[in-house]
K.L.:
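Here it is: the structure, laid out below.
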Protein chains: 2
Amino acid sequence: MSLTGDHRTEPARPAERGTGAEPVAPPVRRGRRGGGRSDRPAATIGRVAEAAGVSRATVSRVMNGSPTVAPELAARVRAAAEALQYEPSLVARSLALGRTSTVSLIVPDLANPMFQDVLRGLSNAAATHGHRLLVAESNENVAEEAILAVEARRRSDGLVLASPRVPEAELRALSERLAPLVLLNRDLPGSTVPSLSVDYSAGIAAIVAHLRSLGHRRLLYLAGPAASTSNRDRRAALHAACATEPVCTLAELACGATFEDGHAAARTVRDTDATAVVAFNDMVAFGALSGLHELGVVVPRDVSVTGFDDIPFARYTTPPLTTASIPRNELGRQAWDRLWTLMNGGSAGHNVAFQPRLLVRESTGPVPADGPDPAERS
Amino acid sequence: MSLTGDHRTEPARPAERGTGAEPVAPPVRRGRRGGGRSDRPAATIGRVAEAAGVSRATVSRVMNGSPTVAPELAARVRAAAEALQYEPSLVARSLALGRTSTVSLIVPDLANPMFQDVLRGLSNAAATHGHRLLVAESNENVAEEAILAVEARRRSDGLVLASPRVPEAELRALSERLAPLVLLNRDLPGSTVPSLSVDYSAGIAAIVAHLRSLGHRRLLYLAGPAASTSNRDRRAALHAACATEPVCTLAELACGATFEDGHAAARTVRDTDATAVVAFNDMVAFGALSGLHELGVVVPRDVSVTGFDDIPFARYTTPPLTTASIPRNELGRQAWDRLWTLMNGGSAGHNVAFQPRLLVRESTGPVPADGPDPAERS
DNA sequence: TTGAAAGCGCTAACAG
DNA sequence: CTGTTAGCGCTTTCAA
């Protein structure tokens, strides 16, 4: 062994290895991408360990608040971390830990107040347990939805699917890969996937019962979008409710989901013999209210109008809207509870269906005594 | 150097390493947590490689659509992946790649329509580029906000801070660690952080100009929450606008941000000598409209009312509300553009301030000819 | 075209 | 109480 040769390299080696740091010849370092404008190397646990003169394990322990570290060491580590502006990589941490502390939510439409509130409820509840929320919007696109769900799930520890549009068979197939999974406004009969829903039927039934108690026998449904499942639910419930009442007549008008849709329906509403209008949702009801007003039809004297959802404005329309309120935030909150249980190895528990609460305001009243009713029936 | 010492370790290694697969004695496997109910091992790239009889590198290539793989091999790999229900771990991928394909958004309040729309705009724009969105709500909590921001940023490749409440000094300090960062409705003079904002002053100025052109000289401001920066902005702009008009009188009433707040202010509005009311936002204006109506005050005959924001309902109030519209979605969309540019090493570009658009509807009209105006002034 | 090997940054079981 | 070591699952030179 040549003296000079060994001198330069050898003695150094053991020492360096001892630190558990830099190999002799730093191997090809892949360039860091991203990182924005500031191109400093970004502190790693290794660098902090080096600076503090301890092992990476110790740094890890300190960063995670392990009590089994000598105070002086801990202090040194913290100082080094501070100095280097060290921020543990959550990605690396997730990989090592096998969990991300993140859950995902897929919604069909972020513009829908229902989903906005679910999002909020879920986000807050998750935050309470130190978890973050990833959101994705499927834009009502079925194909997209499945893809998004799988991808979102892979980035997180659990998934909430709000009003998924995918066909049952596909959902069933997906449900395994997506677990832990919670379904909102959709159930999967026979599966163990927890499902929280709003019982639209009950809401509609309550509305119909209310109208009937006021003497209404001829109803008109302002239907929502044909593709909407909640429209299907509400429509079916309406038909069911009327079917059980022999003397109840139900007409239907294809309408939509917006104020304009309801507004445009006003003329038809006026020309029909219905004494009460059941609108798909509050917006439609509101539009109808507005259109009827313009036509000189007085609500509820001439015709009663009901909405659904109890959006914040429902109480401020003229007249204030009789509608069914649904616990939107609560849905998100409870979704978290279920998900959290699942993530901790618990089991699904019983599914629940939230019962809408009927809010009787001033857009409904007794059936007009002198309406076209008798004339038409004779 | 002891022989045995070297013996124990040296010979075994190379063989094991050679296969690149299973060590002789499978080492302690840490139990997989999470994973929901289904406790199958979860396919990894290694298992797929094994099943397909290729190396992990090849599997990786196939999964990423590299064209340099023999068709037959690729097919085998795909088959194996399919059979094992293999889903590449995005966490591992992120770690290896150094990027997460995720960006974060921090908002003070998810219930605020402004932020809901920003969220939507940002989410959609990000999705266009294959990125996901992480959301967090600070609940108007300044301390929380900074923590959330740092944490969210560490989980993603970039951050959008909407209307951050943190003090300037702290924001300035944070801005480096948070890069790539885009600010919404907040700027950081002298920094390179891109900032997109709504020019509330311009909106207020437009409203005042409109009112003045109708002859109004005595205005009443229904102020928003004291803590709200947008209230401060709007208020300041209002004072400034009135200051330049010597004959303009500005009164102010502490009000709030909700319908109820505006509603409660109606009586005071009636009893004041102001001919026009500038409300903090549309909700307050709407409440005032409603309250005034109940008091028999006719808008705009007796008094004009303006809102701010152009919420969806503004056009449906009675009378429809004159207000200033702001491009909420656009803010999110452009935030993405800036962020994306930054993430790709581009530079910030010029900050922009979106000018609200004045929407003149029917809640404003000429100053009452026979109002209390002359009487009061004499 | 394919595989071996060296990471990415962090955690944790196991010795000392 | 601290360090060593072996992963977590994927990507990417570099050689063959």
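Note on naming: letters A, B, ... go to the chains in the order of the sequence lines (proteins, then strands), and numbering restarts at 1 for each one.
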K.L.:
Determine whether a donor-acceptor pair (one donor, one acceptor, N or O, separation below 3.5 Å) exists between the side chain of B/Arg61 and the base of C/dG3.
P.N.:
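Checked by distance alone, the answer is yes.
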
K.L.:
Please give, in whole Å, the distance from D/dG9 C1' to B/Leu84 CG?
P.N.:
15 Å

K.L.:
Over how many whole Å does the gap from B/Glu87 atom CD to D/dC10 atom P extend?
P.N.:
10 Å

K.L.:
Among B/Leu105, B/Leu174, B/Ile106, B/Val103, exactly one meets side chain to side chain contact (heavy atoms under 4.5 Å, CB included) together with B/Leu159. Which residue is that?
P.N.:
B/Ile106

K.L.:
Please tell me which of the listed nucleotides, D/dT11, C/dT1, C/dT11, lies nearest to the side chain of B/Ala70?
P.N.:
C/dT1

K.L.:
In this structure, how many angstroms lie between the P atom of D/dG9 and the CG atom of B/Asn64, rounded?
P.N.:
17 Å

K.L.:
Under 4.0 angstrom, heavy atoms only, what part of the nucleic acid is B/Val59 near: base, sugar-phosphate, or nothing?
P.N.:
nothing

K.L.:
For A/Thr58 and D/dT2, is the shortest distance between a side-chain N/O and OP1 or OP2 below 4.0 Å?
P.N.:
no

K.L.:
B/Leu95 CG to D/dT12 P: how many Å, rounded?
P.N.:
12 Å

K.L.:
Given D/dA6, C/dA4, D/dC10, which nucleotide is nearest the side-chain atoms of B/Thr44?
P.N.:
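Ranking D/dA6, C/dA4, D/dC10 by closest atom to the B/Thr44 side chain puts D/dC10 first.
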
K.L.:
Round to a whole Å and report the spacing from CZ of A/Arg93 to P of C/dG9.
P.N.:
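It is 16 Å, rounded to the nearest whole Å.
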
K.L.:
Check every atom of D/dC10, C/dC10, C/dT2 against the side chain of A/Tyr86 and return the nucleotide holding the closest atom.
P.N.:
C/dC10

K.L.:
Verify, without hydrogens or angle tests, whether B/Arg165 (side chain) and B/Asn141 (backbone) share a donor-acceptor contact under 3.5 angstrom.
P.N.:
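Answer holds: no.
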
K.L.:
B/Leu97 has an atom CG; how far is it from atom C1' of C/dC8, in whole Å?
P.N.:
10 Å

K.L.:
So A/Leu90, base contact, sugar-phosphate only, or nothing? Heavy-atom distance under 4.0 Å.
P.N.:
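The answer is nothing, as A/Leu90 stays clear of every strand by at least 4.0 Å.
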
K.L.:
When you get a sec, tell me which of D/dG9, D/dG3, D/dT11 is the closest nucleotide to the side chain of B/Arg56?
P.N.:
D/dT11

K.L.:
Between A/Ser191 and A/Ser175, is there a side-chain donor-acceptor contact under 3.5 Å, judged purely by atom types and distance?
P.N.:
no

K.L.:
Which nucleotide in the set C/dG7, D/dG3, C/dT11 lies at the smallest distance from any side-chain heavy atom of B/Ala96?
P.N.:
C/dG7

K.L.:
Taking atom C1' of D/dT12 as reference, at what distance in whole Å does atom CZ of B/Arg99 sit?
P.N.:
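Computing the B/Arg99:CZ to D/dT12:C1' distance gives 13 Å.
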
K.L.:
Using a 3.5 Å distance criterion without hydrogens, assess whether the side chain of A/Arg186 forms a donor-acceptor pair with backbone atoms of A/Val166.
P.N.:
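Such a contact is found between A/Arg186 side chain and A/Val166 backbone.
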
K.L.:
Given C/dT11, C/dG9, C/dG7, identify the nucleotide with an atom nearest to the side chain of A/Ser89.
P.N.:
C/dG9

K.L.:
Rounding to a whole Å, what distance do you find between A/Glu50:CD and D/dT4:P?
P.N.:
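That distance rounds to 13 Å.
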
K.L.:
Counting only side-chain N and O atoms of A/Ser60, is one of them less than 4.0 Å from OP1 or OP2 of C/dT11?
P.N.:
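Result: yes.
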
K.L.:
So, does B/Arg120 use its side chain to make a donor-acceptor pair with the main chain of A/Glu137 at under 3.5 Å?
P.N.:
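Judged by distance alone, no pair lies under 3.5 Å.
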
K.L.:
Give one of base, sugar-phosphate or nothing for A/Thr68, where a contact means two heavy atoms less than 4.0 Å apart.
P.N.:
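Base: the residue A/Thr68, judged by heavy atoms under 4.0 Å, touches a nucleobase.
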
